[in-house]
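Heavy atoms only: backbone and side chains are in, while hydrogens, waters and symmetry mates are out.
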Amino acid sequence: MAEVLVTDHQLPIRRACQIVKLSRAAYYRTPQVPMERDREVIEALQQVVEEHPRWGFWKCYDRLRLLGHRWNHKAGVSRVTANSS
């Protein structure tokens, strides 16, 4: 939305970001593809699920923690499982 204000309405980036309540850092940041961002989590989780297909979320999460992965269950693992359903 801020980009439209900048390109179509010739507003300064600072003002456009203020209007849409977006930080200028977020304006300049290139968005990551979710699958690419979570690739490492997805691969580790798939490996655990292939070995133990009957395990639920928390058991898989605990196994990932025991294997040394320190992903937060909210930010990493549950986001992946929610997107894969």
Side-chain angles (χ1 to χ4, degrees):
M1 184 68 173
E3 191 170 333
V4 172
L5 293 173
V6 172
T7 56
D8 294 348
H9 301 288
Q10 283 78 37
L11 281 175
I13 294 172
R14 176 180 280 174
R15 182 68 181 127
C17 289
Q18 285 175 343
I19 290 170
V20 297
K21 296 186 182 354
L22 180 72
S23 70
R24 283 186 291 146
Y27 175 82
Y28 288 109
R29 186 178 305 127
T30 56
Q32 290 183 335
V33 178
M35 291 296 285
E36 188 63 32
R37 177 188 62 202
D38 298 329
R39 182 176 37 84
E40 187 179 357
V41 178
I42 291 169
E43 290 172 0
L45 190 58
Q46 283 178 340
Q47 186 177 13
V48 170
V49 170
E50 285 174 8
E51 294 172 12
H52 307 282
R54 295 180 57 132
W55 282 5
F57 169 79
W58 287 108
K59 192 146 188 153
C60 290
Y61 172 73
D62 289 340
R63 175 55 58 102
L64 290 174
R65 298 287 285 190
L66 286 173
L67 293 173
H69 302 291
R70 297 293 172 203
W71 298 303
N72 183 315
H73 74 280
K74 293 179 279 187
V77 181
S78 65
R79 180 179 63 232
V80 170
T81 57
N83 290 337
S84 65
S85 320

Straight-line distance of Leu67 CG to Gln47 CD, nearest 0.5 Å
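One finds 7.5 Å between CG of Leu67 and CD of Gln47.
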I need the His69 NE2 to Arg63 CZ distance, nearest 0.5 Å.
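The distance works out to 11.0 Å.
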Do the non-hydrogen side-chain atoms of His52 and Lys59 ever get within less than 4.5 Å of each other?
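Sidechains of Lys59 and His52: no contact.
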For a quick test of reading the model, state the closest non-hydrogen atom pair linking [X] to [Y] and the distance between them.
| X | Y | result |
| --- | --- | --- |
| Thr7 | Gln10 | O-NE2, 3.0 Å |
| Cys17 | Ser23 | SG-O, 4.2 Å |
| Ile13 | Tyr28 | CD1-OH, 3.1 Å |

Can you label the angle between the Trp58 ring and the Tyr61 ring as parallel, tilted or perpendicular, going by 30° and 60°?
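Answer is perpendicular, since the angle exceeds 60°.
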Verify the neighbour count for atom CZ of Arg65: are there more than 12 heavy atoms of other residues, nucleotides or ligands below 6.0 Å?
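Buried by this count: over 12 neighbours within 6.0 Å.
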Does Glu40 have more than 12 heavy atoms from other residues, nucleotides or ligands lying within 6.0 Å of its CD?
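No, CD of Glu40 has 12 or fewer neighbouring heavy atoms, counting only those of other groups under 6.0 Å.
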If hydrophobic clusters are built from ILVMFWY residues whose side chains come within less than 4.5 Å, do Val4 and Ile19 share one?
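No, no single cluster joins them.
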